[in-house]
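A quick write-up on the structure given underneath.
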Amino acid sequence: MAHYRRVGEVPPKRHTQHRDPEGRLYHEELMGEEGFSSDSSLLYHRGVPSAIVGSEVWELPDQRRTPNHPLKPRHLKLHDLETGPDAVNDRRLVLGNNDVRISYVLTGTDHSPYYRNAIGDECVYVESGSGVVQTVFGVIDYRAGDYVTVPRATTHRWVPAEPSQLYAIEANSHIAPPKRYLSRYGQLLEHAPYCERDLHGPTEPFHLEGTDVDVLVKHRTSAGIVGTRMTYATHPFDVVGWDGCLYPYTFNVEDYMPITGKVHQPPPVHQVFEGHNFVVCNFLPRKVDYHPLSIPVPYYHSNVDSDEVMFYVGGDYEARKGSGIGLGSISLHPGGYAHGPQPSAIEASLGVDYFDESAVMVDTFAPLDLGEGGLAVEDSAYAWTWSGRGPDDPAVFSNS
Ligand SMILES: [Fe+2]
């Protein structure tokens, strides 16, 4: 994110001597994307950021994936998913492919282990709860409705102040505002539904003392996604200052200004972020279409190049009325299959001028598999709710 930020003490010139009050040199570290060719920050450490004293296997939560075959739209009820309380170790994989994985956890109030994702950026949507995320860049507060975006390889830990429902979008790439929202130099443009004032990064350095500190690292090998527990000689939270355009930040859905129209607006107007081969959008409470003959719910659509994942987090989603979808539900509408409102929702929407609905959408350009957590909470009747009858028990479905 090309939005410069400076926190704590940094020397006037980069790559020059920066010393503590006793005259000891700080250790400068560049965290940079795409080699040395994209956004970066310079961090000044008290200790040596590469000084490890141990490296062992960290057994990750179950990462197995099951193809969506035979092809069906799916309804997954995340509020029925039981998880342990750890924001990192107890995430259960719901959906995933080789570009992005979505997992879910209901935390307790104990802090997570120190952790970093060396595969890609994480964008964690906070469905409920509050607390802080302590990072090597400093501390960021989080609350319900936040997207907590943590750049790849950022050492951090979650410290919930209260139990928190976290919807973790883990990329194999970087996650950033859509390019079309940005000027060619990286400023958010006037037509973007949010601006730099809405992005909240660390404001001061964060320092902890310690030796032999374990950090869990999620990374990849030829065998797939694996974990390693690295032990650091000194505490990784030892930064006295940093500056640059790479850092964790939060953005809250309340600060997203929905774009509306005279007739139905397509999902790209709801986009928040993009990663490689996927996008993140949100559908939020808003005034809807004002043409006298408009149909406010979506038309049927075949997204021929993408799988569409909706996570229903607030209000009452108009297009899904009659489907069994409720708060905490996920719908997966895969590529190769047309989807749209349950039929009774279309007439019901006519004349409505306001939708009280909140949903987070992830569209992927490669098919999504089901994780073990997704399979555990599937409502298998969903696929038949448009027709009103399915192969097993035609009597139980109604769209009237
Ligand atoms: Fe859709």
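As a basis for the values below, the full set of heavy atoms in this structure was taken, side chains included, without hydrogen atoms, waters or symmetry mates. Numbering of ligands and ligand atoms starts at 1, following listing order.
Using cut-offs of 30° and 60° on the angle between ring planes, the pair Tyr194 and Phe251 is tilted. In this pair, His235 and Phe237 present their aromatic rings tilted. The plane angle is within the 30 to 60° band.
With the Fe ion (ligand 1) as the vertex, NE2 (His301) and NE2 (His339) define an angle of 90°, rounded to 10°.
When the N, O or S atoms of Glu308 are ranked by distance to the Fe ion (ligand 1), OE1 comes first.
The shortest heavy-atom contact between Ser331 and Tyr312 is OG-OH, 2.6 Å.
The Fe ion (ligand 1) has no N, O or S atom of His333 under 2.8 Å away, backbone or side chain.
Salt-bridge annotation for Arg65 and Asp369: present, with a side-chain N of the basic residue lying under 4.0 Å from a carboxylate O of the acidic one.
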